[in-house]
Each structure stands twice: as C-alpha cells, then as structure tokens.
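First comes the structure, then the notes that go with it.
For the numbers below, each heavy atom of this structure counts, side chains included, while hydrogens, waters and symmetry mates do not. Here is how names work: the chains are called A, B, and so on, in the same order as the sequence lines, proteins then strands, and each is numbered from 1.
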Number of protein chains: 2
Amino acid sequence: MSSPLPRDPIAQARDQWVSHGWDAEADSMAAITAVMRTASIFLQRADSILRPHGLTFARFEVLALLGFSKRGSLPMTHASRLLQVHATSLTNSVDRLEATGLVRRIQHPTDGRTRLLELTAEGANALAAARDDLNEQLFADSGLPVADARELFQILSRFRRASGDFL
Amino acid sequence: MSSPLPRDPIAQARDQWVSHGWDAEADSMAAITAVMRTASIFLQRADSILRPHGLTFARFEVLALLGFSKRGSLPMTHASRLLQVHATSLTNSVDRLEATGLVRRIQHPTDGRTRLLELTAEGANALAAARDDLNEQLFADSGLPVADARELFQILSRFRRASGDFL
DNA sequence: ACAATATACTTGGACATCCTAAGGTTTGGA
DNA sequence: TCCAAACCTTAGGATGTCCAAGTATATTGT
C-alpha cells in the first residue's frame with residue numbers, strides 16, 4: 001500500500017490486455033477492476049469513520065434504511081431486498097445490531113413468519129451521529145467532483161438496471 | 001435479492017438525503033453507494049466464473065500480475081503494492097495458491113529478506129484458462145457499453161489518483 | 001379439511017478479506 | 001560494529017459472503 005505508485009497499475013493491466021490482442025475486453029476489464037479498487041477505498045474510509053460508533057458501513061445501511069421507513073419498521077425480507085444483500089447476511093448484521101441494542105426484532109401483527117426490524121431510541125441516536133460523521137468526513141469531501149459523482153451515478157444506474165437490480 | 005425492485009433503492013436514498021437538506025452530500029452519497037453495490041455485483045460474477053478454476057478474483061489478480069511480469073517473478077512487497085492489498089492478505093492468497101501448486105515462493109538471488117513469487121507451469125495454465133473464461137463471460141459482455149466503460153474508468157482514475165493510489 | 005408447496009428466517013460451516021500486533025531475518029547506513 | 005529499517009510470516013479477532021439444511025408459518029389446490 002503505502003506511497004503512491006509511479007503508474008496506475010490498472011492502466012498497466014489494460015495495456016497488457018491490449019498488447020495481447022484482447023482489445024474488445026480491455027476497457028471493460030479496466031473499468032471493472034477500477035470499480036472494485038474504488039469500492040475498497042470507500043469501504044475502508046467509511047468503516048474507519050464508523051468504527052468509533054461501533055458500526056460498519058453494512059450495518060449503517062441497515063440503520064439508515066430503518067430511519068427512512070415510514071412506520072419505522074420493516075420485514076427482514078423487505079430490508080434484504082432494498083439493501084440487496086442475502087437474507088443470511090442481513091441476519092448476521094441484525095444480530096450484531098440487536099446485540100448492541102440499536103435494533104429490535106418484533107413480531108409481525110398478522111404474519112407469524114416475518115419479523116419486523118425496528119430502531120431503538122439508541123439506534124436512532126447512533127444513526128444520527130454516524131450519519132453526520134459520514135456526511136462531514138466522507139460525503140462532503142469524497143474526492144469526487146460533483147460532476148463526476150453525478151456522471152458516475154448515471155453510468156452505474158444504467159448498469160445496475162441492465163443487470164436486474166431494479167426496473 | 002431475487003426480482004428487480006420497482007425503484008432504484010439508491011435513488012430513493014438520495015431523495016431522502018435531499019429532503020433532509022443534505023443536498024451537498026447527496027450526489028456523493030449516491031455515487032459511493034452505487035460503486036459499492038456495483039463492485040459486489042461484479043465480484044459475485046467474477047467469483048462464480050472463477051470457482052470452477054479453483055480461484056477467486058483476488059487470487060486471479062495475483063496470477064495475472066505474475067503472468068505479466070517480465071521475469072515471471074516478483075517480490076511479495078512489489079506484488080502487494082501493485083495489487084494494493086495488505087501484505088498479510090497477499091500472504092494469505094499466496095498460501096492458497098502455493099497449496100494448489102499454482103505459484104511458488106523462491107529465494108531472492110541477492111536479498112535474503114525477500115521472497116520471489118513465481119508462476120508454476122500449472123499456474124500458467126490455470127491463468128490462461130481462467131483469463132479466457134473471464135474475458136468471454138464477464139469482460140466481453142459486462143453490461144457496460146464501451147463508452148460507459150471508458151468514461152467510468154476515466155472518472156475512477158481521477159479519483160484514485162486524487163486519493164493517492166498513484167502519481 | 002388436508003396435503004403439497006411456498007415463504008420467512010435462522011443456523012452452522014466453509015471461505016475470504018482486512019486489521020493489528022508481534023516476531024524472525026536480513027540489510028544497509030551511521 | 002550496531003541499530004533502525006525493510007521484508008515477510010504468524011496469530012487472532014472482526015466482518016461479510018455463500019451454501020445447505022432446518023424450523024415455523026402461510027397459502028394453494030384438490
């Protein structure tokens with residue numbers, strides 16, 4: 001890790017792709033690899049900002065989702081779909097959130113199978129504090145110029161739609 | 001997961017950000033969240049393509065790097081920097097690659113501290129097969145139009161440079 | 001009604017990755 | 001010669017993902 005490299009390693013890989021004759025795949029390879037690297041940069045930043053709050057980005061997303069829901073409660077399945085993670089992953093996150101008292105699992109009034117997730121008062125506080133920190137320390141100064149952030153979001157939205165994330 | 005959602009959940013989150021008055025942070029939040037979601041989509045695809053080869057994307061990257069190096073061998077540190085992962089993570093990956101006979105650790109001719117990584121013949125074969133599959137099944141039809149892939153790479157390159165990945 | 005099927009969620013285990021801290025070797029400069 | 005620095009591994013903890021299987025409840029169709 002450490003100090004900056006003299007040249008972008010992904011650009012180098014792209015050159016290799018081209019020089020081996022995989023021209024058609026080179027741009028895609030470079031873009032995908034860059035997405036993964038960028039995600040890992042952001043995830044590291046977010047997690048380090050959230051650590052003092054006892055949260056990870058995955059768990060923050062759960063809290064944020066609950067904070068935005070009208071009733072303040074959501075079935076696991078619904079949350080799992082909106083967050084686009086496996087039910088087992090969500091179970092895992094919720095276990096930890098419940099263990100630290102930020103979230104509660106309650107019975108669904110009519111369907112005995114489903115459990116509703118609900119923010120506790122503590123959870124609401126943790127969410128507000130964490131969100132403020134993320135806004136200040138990550139989102140407000142992400143390293144993405146506004147125009148780039150918008151364009152990036154547009155491109156990724158097209159891709160995510162095409163890949164079946166949403167209609 | 002399952003079926004497509006009626007609306008993009010990240011766009012919804014963005015709306016929430018705006019309606020709470022965090023306009024300045026909304027675009028950045030949406031872009032970052034979308035990057036993470038996209039990375040997870042790609043990682044899943046890549047890993048499922050590579051599983052039959054006994055590889056993960058992380059391990060594939062190690063093989064690819066060795067395959068491109070002039071001498072066919074690289075010090076751990078050098079590889080760790082180029083792949084931008086922690087030395088311990090690389091040790092872990094290399095342990096598995098060595099256990100399956102795809103990579104070898106050899107002595108550095110002059111520096112007793114450093115170990116060189118080297119592809120075995122088997123490793124070179126595995127790399128070629130895995131790379132062909134990735135090219136065909138992921139990169140050739142990634143879901144990213146060429147123009148989008150290029151623009152995406154440009155934006156992320158600017159960001160990665162700004163965040164200290166390379167000069 | 002009742003059996004078959006589908007849905008909701010959890011559990012347990014296998015993997016993988018990251019991080020921190022610590023320790024062994026080996027270099028290389030003061 | 002001696003000490004700080006560099007290179008790598010080991011160990012342990014925390015997280016997150018996936019899969020397969022299991023429990024409980026609801027729904028469907030006969």
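- Between the C1' atom of D:dG16 and the CG atom of B:Leu43 lies a distance of 11 Å, rounded to the nearest Å.
- One N or O donor and one acceptor, one from the side chain of A:Arg113 and one from the base of C:dT7, sit under 3.5 Å apart.
- Note that CD of A:Glu61 and CE of B:Met36 are 7.5 Å apart. Values are rounded to the nearest 0.5 Å.
- For the pair A:Asn92 and A:Thr110, nearest-nucleotide mapping onto DNA chain D gives the more 5' position to A:Asn92.
- Remark: B:Arg105 is in phosphate contact with D:dT9, judged by side-chain N or O atoms under 4.0 Å from OP1 or OP2.
- Note on ring orientation: taking the six-membered ring where Trp is involved, the planes of A:Trp17 and B:Phe68 are perpendicular (angle over 60°, cut-offs 30° and 60°).
- Within the 6.0 Å centre-distance limit, the rings of B:Phe159 and A:Phe42 are counted as a close aromatic pair.
- Rounded to whole Å, atom P of D:dA14 lies 16 Å from atom CG of A:Leu97.
- Proximity note for B:Ala58 (side chain, C-beta onward) versus D:dT17, C:dA8, C:dT17: the nearest is C:dT17.
- Here the P atom of nucleotide D:dT17 and the CZ atom of B:Arg51 are 15 Å apart, to the nearest Å.
- Each of D:dA11, C:dT17, D:dC18 was ranked by its minimum atom distance to the side chain of B:Gln44; first place goes to D:dC18.
- In this structure, A:Ser48 reaches neither bases nor backbone, as no heavy-atom distance under 4.0 Å exists between it and the strands shown.
- Nucleic acid contact class of A:Arg59 (heavy atoms, under 4.0 Å, all strands): sugar-phosphate only.
- Rounded to a whole Å, the CD atom of A:Gln107 is 13 Å from the P atom of D:dA24.
- To the nearest angstrom, C1' of D:dG16 lies 13 Å from CG of A:Asp95.
- Distance from the side chain of B:Arg96 is smallest for C:dA16 among the nucleotides D:dT9, C:dA16, D:dC18.
- Rounded to an integer number of Å, the gap from A:Asp111 CG to C:dT7 P is 12 Å.
- Taking 4.0 angstrom as the limit, A:His86 places none of its side-chain polar atoms (N or O) nearer than this to OP1 or OP2 of D:dT17.
- Among the nucleotides C:dT20, C:dA8, C:dT11, the one closest to the side chain of B:Thr88 is C:dT20.
- Taking 4.0 angstrom as the limit, B:Thr56 places a side-chain polar atom (N or O) nearer than this to OP1 or OP2 of C:dT17.
- A salt bridge is defined here as a Lys NZ or Arg NE, NH1 or NH2 lying under 4.0 Å from an Asp or Glu carboxylate O, and B:Glu98 with B:Arg104 fails to meet this definition.
- One interatomic measurement links the two molecules: CZ of A:Arg37 to P of C:dT17, which rounds to 15 Å at whole-angstrom precision.
- In terms of phosphate contacts, A:Ser89 brings a side-chain nitrogen or oxygen within less than 4.0 Å of OP1 or OP2 of D:dT17.
- Rounded to whole Å, atom P of C:dT26 lies 11 Å from atom CZ of B:Arg115.
- Nucleic acid contact class of B:Ser40 (heavy atoms, under 4.0 Å, all strands): none.
- In summary, A:Asp8 and B:Arg161 do not engage in a salt bridge, as defined by a charged side-chain N under 4.0 Å from a carboxylate O.
- Residue B:Thr114 is the one, among B:Thr114 and A:Ser93, whose nearest nucleotide of DNA chain D lies closer to the 5' end (criterion: closest heavy atom).
- Atoms OG and CG, on B:Ser28 and A:Leu134 in that order, are 10.5 Å from each other to the nearest 0.5 Å.
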